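Only one structure is covered here, and it is reproduced in the block below.
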Amino acid sequence: QVQLVESGGGLVQAGGSLRLSCAASGGTFSNLYMGWFRQAPGKEREFGAAIGDSTKYADSVKGRFTISRDNAKNTVYLQMNSLKPEDTAVYYCAGSSIWGGTMSKFYGYWGQGTQVTVSS
């Protein structure tokens with residue numbers, strides 16, 4: 001089974017940047033479509049970004065976040081710039097053998113999450 005481990009979260013001021021990493025093991029990373037989701041307190045998990053043959057972003061992060069992957073390192077990244085307090089959430093990486101797009105139910109592999117807190 002594929003295992004995913006996120007890292008890179010922390011506390012930043014509004015307008016700052018963070019880069020999240022998600023290291024994969026136990027499977028063929030290059031064959032997986034990857035996504036980033038986030039969950040704020042009291043809210044459902046929501047889509048942030050995905051990468052397959054192309055990339056897709058939620059409107060709330062478009063232009064500020066960039067998803068990328070390094071197949072040689074079995075790692076997917078989320079570069080987050082111009083952070084806002086509204087971005088505060090636990091961020092999860094996820095993998096799917098098919099294009100899952102924005103729908104979390106199509107992703108079968110999930111990391112443990114990493115906390116991102118943005119202060120104003």
Side-chain angles (χ1 to χ4, degrees):
Q1 183 178 5
V2 174
Q3 295 182 346
L4 305 174
V5 180
E6 302 97 333
S7 62
L11 173 64
V12 298
Q13 287 276 92
S17 298
L18 283 174
R19 188 184 72 163
L20 306 184
S21 299
C22 176
S25 63
T28 306
F29 175 77
S30 61
N31 290 339
L32 293 178
Y33 298 96
M34 301 297 297
W36 285 95
F37 293 76
R38 65 188 187 183
Q39 187 168 22
K43 296 184 180 295
E44 292 187 0
R45 191 170 299 181
E46 67 176 5
F47 170 77
I51 184 167
D53 294 334
S54 61
T55 56
K56 186 177 181 65
Y57 298 92
D59 288 342
S60 59
V61 308
K62 191 178 302 180
R64 300 187 298 120
F65 291 9
T66 302
I67 187 171
S68 62
R69 66 193 298 162
D70 186 337
N71 288 339
K73 296 181 178 179
N74 286 358
T75 301
V76 62
Y77 304 95
L78 186 68
Q79 178 66 46
M80 305 185 295
N81 298 326
S82 301
L83 283 162
K84 305 174 181 179
E86 294 81 1
D87 296 318
T88 296
V90 176
Y91 283 70
Y92 300 87
C93 66
S96 177
S97 60
I98 62 171
W99 175 244
T102 66
M103 295 182 287
S104 62
K105 67 179 181 180
F106 287 163
Y107 291 82
Y109 307 106
W110 293 87
Q112 84 288 353
T114 185
Q115 177 71 48
V116 172
T117 302
V118 184
S119 62
S120 60

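Remember, predicted model here, so these are calculated numbers, not experimental data.
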(message) Test: ring pair (Phe, Tyr, Trp, His ring centres under 6.0 Å). Region: residues 15-48. Which pairs qualify, not counting sequence neighbours?
(response) Tyr33-Trp99, Phe37-Phe47, Phe37-Tyr107, Phe37-Trp110
(message) Test of understanding: with side-chain hydrogen bond (donor to acceptor under 3.5 Å, both in side chains), list the residues that count as partners of Ser68, not counting sequence neighbours.
(response) none
(message) Could you report the tightest heavy-atom contact between Ala14 and Ser120, atom names first, then the distance?
(response) CB-CA, 4.3 Å
(message) Filter on disulfide (SG to SG under 2.5 Å), then keep only pairs touching residues 32-119, sequence neighbours left out; what's left?
(response) Cys22-Cys93
(request) Can you see which heavy atom on Gly101 is nearest to which on Ala50, and at what distance? (result) O-CB, 4.1 Å
(request) With sequence neighbours left out, write down each residue that passes side-chain hydrogen bond (donor to acceptor under 3.5 Å, both in side chains) with Tyr91, or none if nothing qualifies. (result) Arg38
(request) Could you state whether Ile67 and Phe106 fall into the same hydrophobic cluster, counting links through intermediate Ile, Leu, Val, Met, Phe, Trp or Tyr residues with side-chain heavy atoms under 4.5 angstrom apart? (result) no
(message) List the residues meeting side chain to side chain contact (heavy atoms under 4.5 Å, CB included) with Ala23, not counting sequence neighbours, and say none if there are none.
(response) Thr75
(message) Can you list everything that forms a salt bridge (Lys or Arg N to Asp or Glu O under 4.0 Å) with Lys62? Sequence neighbours excluded, please.
(response) Asp59
(request) List the atom of Ala40, the atom of Ala89, and the distance in Å for their closest heavy-atom pair. (result) N-CB, 3.8 Å
(message) Using only atom types and a distance under 3.5 Å, with no angle test, would you say the side chain of Gln112 pairs donor to acceptor with the backbone of Glu6?
(response) yes
(message) Could you measure the distance from the OG atom of Ser119 to the CG atom of Leu83? Nearest 0.5 Å is fine.
(response) 10.5 Å
(request) Could you tell me which non-hydrogen atom of Gly113 sits nearest to which non-hydrogen atom of Val90, and how far apart they are? (result) CA-CG1, 3.8 Å
(request) Over all heavy atoms of both residues, which pair between Ser17 and Gln79 is shortest? Give the atoms and the distance, please. (result) CB-NE2, 4.0 Å
(message) Going by side-chain hydrogen bond (donor to acceptor under 3.5 Å, both in side chains), name the residues that satisfy it together with Gln3, two or more places apart in sequence or in a different chain.
(response) none
(message) Could you check whether any side-chain N or O of Thr88 sits under 3.5 Å from a backbone N or O of Val118, counting only pairs where one atom can act as donor and the other as acceptor?
(response) yes
(request) Would you please name every residue forming a side-chain hydrogen bond (donor to acceptor under 3.5 Å, both in side chains) with Ser82, sequence neighbours left out? (result) none
(request) Report yes or no: does Ser96 contribute a side-chain atom to a donor-acceptor pair with the main-chain N or O of Ile98 at less than 3.5 Å? (result) yes
(request) Would you give the length of the straight line joining atom CE of Met80 to atom OG1 of Thr66, rounded to the nearest 0.5 angstrom? (result) 11.0 Å
(message) I need the Ser97 OG to Leu32 CG distance, nearest 0.5 Å.
(response) 7.5 Å
(request) Kindly write out the residues that satisfy salt bridge (Lys or Arg N to Asp or Glu O under 4.0 Å) with Arg64, not counting sequence neighbours, or none if the list is empty. (result) Asp87
(request) Could you tell me whether Arg69 sits above the aromatic face of Tyr77, with NZ or CZ closer than 6.0 angstrom to the six-membered ring centre and within 45 degrees of the axis? (result) no
(request) May I have all residue pairs that pass ring pair (Phe, Tyr, Trp, His ring centres under 6.0 Å) and include part of residues 3-25, sequence neighbours excluded? (result) none
(request) May I ask whether Met34 and Val2 are part of the same hydrophobic cluster, defined by side-chain heavy atoms of I, L, V, M, F, W, Y residues being less than 4.5 angstrom apart, directly or through others? (result) yes
(message) Looking at every heavy atom in both Ala49 and Leu78, which two are closest together, and how far apart are they?
(response) CB-CD1, 4.2 Å
(message) Between Leu4 and Val76, does the side chain to side chain contact (heavy atoms under 4.5 Å, CB included) criterion hold? Intermediate values first, please.
(response) CA-CA 10 Å; Leu4 305 174; Val76 62; over 6 Å; no
(message) Once ring pair (Phe, Tyr, Trp, His ring centres under 6.0 Å) is applied, what residue pairs with a partner in residues 53-76 remain, sequence neighbours excluded?
(response) none
(request) Determine which pairs satisfy salt bridge (charged side-chain N to carboxylate O under 4.0 Å, His left out) with at least one residue from residues 95-106, sequence neighbours left out, and list them in order. (result) none
(message) Check for me, please, whether Val12 and Leu20 land in the same ILVMFWY cluster - side-chain distances under 4.5 Å, paths through other members count.
(response) yes
(request) Would you give the length of the straight line joining atom OG of Ser21 to atom CG of Asp70, rounded to the nearest 0.5 angstrom? (result) 10.5 Å
